[in-house]
Chemist: 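I'd like to ask you about the structure that follows.
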Amino acid sequence: MASLQPVRGTHDLLFEDMRRHHAVIERAKGIAGLYGFEEVITPIFEFTEVFTRTIGETSDIVSKEMYAFERSGDQLCLRPEGTAGVCRAFVSNGLQQQVPFKAFYAGPMFRYERPQKGRQRQFHQIGVELIGADTPKADVEVLVLASHILDALGLKGQVTLELNTLGDTASRAAYRDRLVEFLTPYRNDLSDDSKVRLDKNPLRILDSKDEGDRRLIAEAPKMEESLNAESRAFFETVQAGLTAHGISYVVNPKLVRGLDYYCHTAFEFVTTALGAQGTVLAGGRYDGLIEAMGGPSTPGVGWAGGIERLALLLADVPGKARPIAVIPMGDAAEGEADAITGRLRRAGYAVDLAYSGNMKKRMKRANTVNARVAVILGEDELKQGAAAVRDLDSGEQVLVPLAALETDLARFR
RNA sequence: GCGGGUGUAGCUCAGUUGGUUAGAGCAUCUGGUUGUGGUCCAGAGGGUCGUCGGUUCGAAUCCGAUCACUCGCCCCA
């Protein structure tokens, strides 16, 4: 029994879960298409270097969460996120000539973490990448698209957009230095977690939940003060763009993305409905990423959303199609039932035809599969070249000539 | 990786201070109804009580370990 359990942190997607999952992907893909984003699928495993060179050796994702393995001397790993793979594909396929490149993707990601609600070891993301545009208009477009998709999923009012800027590379580096300089004398006052952060990723200390850390941070220099004029103007343009689109947001100066390659715009759509996993969709600008992985210096901006988290919040769950139940009575009617079933399916109707059973059993089955209507083929009906069409909701039953069946059933569509 | 909670039928849950063959509702199956589903009635199947070990005359119940789920931390979608 234990060996027939799914691997920890993995889940089967069945029935309603699958319908929710699928609805998130299809709606997102459809809307992304309106903005010119075309779907791409990249491999779910890559050379490990694709991630270590972009996400950052010291990040938790690379240092402890990757599913890495070796095969024939190649160092490979299951992708922990989507951006690096799409950027690799951009370079591999020589798309520098076709910028801006707009990609939408959906698929599984893998991180070796302790599972929780809304957090799994194999999880799924939708995401978009807009590569080759350095204008803040691109940031705005990608944010408007995200907001549009969240609205379509019925999450309006349930999520808040938090926004921040990390500034350009120079501003970010300057701020990082100032922060480290300020905090280092207080190293021993920091929480244990933050002592580590001070060396690995000092900006994350801004995000700490520890009370002592928060008091120190309140006194620390602000990111805003380290922004150069260009970075400041960039951020202002992004904010003006959002306002022009009627998208509300809050600036959160402590918002820091975990991955190293972000600059300028950083954002998260958050909810309070999922416990500790409040982030439902997040992203930002990553101008240095493609160069870091060995490609030509190319700007980019994008985001990823957790499908499981979005599916948990999905407002309207799509139902399963209600089929037509075809019910033959007696061996003579079996052949006719097969033929009618085939015809109706090719005409686009969902049809359920039981493999065996007397009429009562088949009627019961019609009920359990939530059939909308039953097409009953009995001796009496067939003699007249007709079928009994029974509305299973109202119980009303009429005789319909076989030739008129397809058109008559249209009233149940 | 660290800390808290929970594991009894497919699902949701009872199960007394440790005491015979471990229960209910829902679901499933059969029959009442051989040409009519839902409702109703009668009946049936389904459990190594997460797993392993310990205490005891006796363990679903007490103890330990382990696994899984879950909540929080870390981190993140």
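Letters go in sequence order (proteins before strands), and every chain restarts at 1.
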Chemist: Pick the C1' atom in rG15(B) and in rA9(B), then give their distance to the nearest Å.
Modeler: 14 Å
Chemist: Using side chain to side chain donor-acceptor pair (under 3.5 Å), reason through Tyr349(A) and Glu406(A) one step at a time and then give a plain yes or no.
Modeler: CA-CA 9 Å; Tyr349(A) 292 99; Glu406(A) 270 177 53; over 6 Å; no
Chemist: Compute the ring centroids of Tyr35(A) and His148(A), then answer whether they are less than 6.0 Å apart.
Modeler: yes
Chemist: Which whole-number value in Å describes the distance from Gln122(A) CD to rA77(B) P?
Modeler: 17 Å
Chemist: Which whole number of Å gives the distance between the C1' atom of rC41(B) and that of rU33(B)?
Modeler: 12 Å
Chemist: So His124(A) and His21(A), would you call those rings parallel, tilted or perpendicular, with 30° and 60° as cut-offs?
Modeler: perpendicular
Chemist: Looking only at atom C1', what distance separates rG58(B) and rG54(B), rounded to whole Å?
Modeler: 15 Å
Chemist: Please state the P separation for the pair rC49(B) and rC62(B) - nearest whole angstrom.
Modeler: 15 Å
Chemist: What I want to find out is whether Asp352(A) reaches Arg322(A) closely enough, with some N-O distance under 4.0 Å, to be called a salt bridge.
Modeler: no
Chemist: Does rC62(B) have a Watson-Crick or wobble partner in any strand here, with both distances under 3.5 angstrom, and which is it?
Modeler: rG54(B)
Chemist: Give me the distance, rounded to whole Å, that separates rU66(B) from rG10(B) when you measure between the P atoms they each carry.
Modeler: 28 Å
Chemist: Could you tell me how far apart Glu334(A) (CD) and rG35(B) (P) are, to the nearest whole angstrom?
Modeler: 14 Å
Chemist: Are Tyr186(A) and Phe182(A) an aromatic pair, judged by ring center distance below 6.0 Å?
Modeler: yes
Chemist: Pairs in or reaching into residues 326-340 of chain A: which pass salt bridge (Lys or Arg N to Asp or Glu O under 4.0 Å), with residues at least two apart or in two chains?
Modeler: Glu334(A)-Arg362(A)
Chemist: Just name whichever nucleotide pairs with rU6(B), Watson-Crick or G-U, keeping both distances under 3.5 Å, else none.
Modeler: rA68(B)
Chemist: Donor-acceptor pairs are to be reported for all side-chain atoms of residues 131-145 of chain A against protein atoms at under 3.5 Å, with residues two or more places apart or in another chain.
Modeler:
| from | atom 1 | to | atom 2 | distance (Å) |
| --- | --- | --- | --- | --- |
| Thr135(A) | OG1 | Lys137(A) | N | 2.9 |
| Asp139(A) | OD1 | Arg285(A) | NE | 3.0 |
| Asp139(A) | OD1 | Arg285(A) | NH2 | 2.7 |
| Asp139(A) | OD2 | Thr265(A) | OG1 | 2.6 |
| Asp139(A) | OD2 | Arg285(A) | NE | 3.1 |
| Glu141(A) | OE1 | Lys102(A) | NZ | 3.3 |
| Glu141(A) | OE2 | Lys102(A) | NZ | 3.2 |

Chemist: Can you check the distance between rA27(B) and rC67(B), where both ends of the measurement are the P atom (answer in whole Å)?
Modeler: 38 Å
Chemist: Identify every side-chain donor-acceptor pair in residues 152-159 of chain A under 3.5 Å, counting partners at least two apart or on other chains, and give the distances.
Modeler:
| from | atom 1 | to | atom 2 | distance (Å) |
| --- | --- | --- | --- | --- |
| Lys156(A) | NZ | Asp151(A) | OD2 | 3.4 |

Chemist: Given the rule in the side chain to side chain donor-acceptor pair (under 3.5 Å) test, do Tyr249(A) and Gln239(A) qualify, once you have shown the distances and angles that lead to the verdict?
Modeler: CA-CA 9 Å; Tyr249(A) 62 91; Gln239(A) 294 184 68; 3.0 Å; yes
Chemist: Please evaluate residues Arg79(A) and Glu46(A) with respect to the criterion salt bridge (charged side-chain N to carboxylate O under 4.0 Å, His left out), reporting the C-alpha separation (whole Å), side-chain torsions for both, the decisive distance (0.1 Å), and the verdict.
Modeler: CA-CA 7 Å; Arg79(A) 64 183 184 194; Glu46(A) 298 267 359; over 6 Å; no
Chemist: Return the nearest nucleotide to the side chain of Glu65(A); candidates are rA77(B), rC75(B), rG35(B).
Modeler: rC75(B)
Chemist: Considering only atom C1', compute the distance from rG53(B) to rU28(B) and round it to an integer number of Å.
Modeler: 37 Å
Chemist: Taking protein heavy atoms under 4.0 Å as touching, what does nucleotides 36-42 of chain B look like 5' to 3' if B marks base contact, S marks sugar-phosphate-only contact and - marks none?
Modeler: BBB----
Chemist: Whole-Å distance between rC75(B) P and Glu268(A) CD?
Modeler: 13 Å
Chemist: Report all interatomic pairs (protein N or O, nucleotide N or O of nucleotides 68-72 of chain B) with separations under 3.5 Å.
Modeler:
| from | atom 1 | to | atom 2 | distance (Å) |
| --- | --- | --- | --- | --- |
| rC69(B) | OP2 | Arg8(A) | NE | 3.1 |
| rC71(B) | OP2 | Lys117(A) | N | 2.7 |
| rG72(B) | OP1 | Ala276(A) | N | 3.1 |
| rG72(B) | N7 | Gln116(A) | NE2 | 3.4 |

Chemist: Quick one: Leu161(A) CG to rA77(B) C1', roughly how many Å, whole number?
Modeler: 16 Å
Chemist: Select one nucleotide: of rA77(B), rG1(B), rU30(B), the one nearest the side-chain heavy atoms of Lys361(A).
Modeler: rU30(B)
Chemist: Mind checking Ala304(A) for me? I need base, sugar-phosphate or nothing, with any heavy atom below 4.0 Å counting as a touch.
Modeler: sugar-phosphate
Chemist: Considering every strand shown, what is the Watson-Crick or G-U wobble mate of rU30(B) when both distances are under 3.5 Å?
Modeler: rA42(B)
Chemist: What integer number of Å spans the C1' atoms of rG64(B) and rA59(B)?
Modeler: 15 Å
Chemist: Would you please name every residue forming a ring-ring contact (aromatic ring centres under 6.0 Å, His included) with Phe234(A), sequence neighbours left out?
Modeler: His264(A)
Chemist: What integer distance in Å separates Phe110(A):CZ from rC75(B):P?
Modeler: 24 Å
Chemist: Whom does rC73(B) pair with, Watson-Crick or G-U wobble, provided both distances fall under 3.5 Å?
Modeler: rG1(B)
Chemist: Over how many whole Å does the gap from Ile149(A) atom CD1 to rA77(B) atom C1' extend?
Modeler: 14 Å
Chemist: Tell me the interatomic distance from Leu206(A), atom CG, to rC75(B), atom P, rounded to whole angstroms.
Modeler: 12 Å
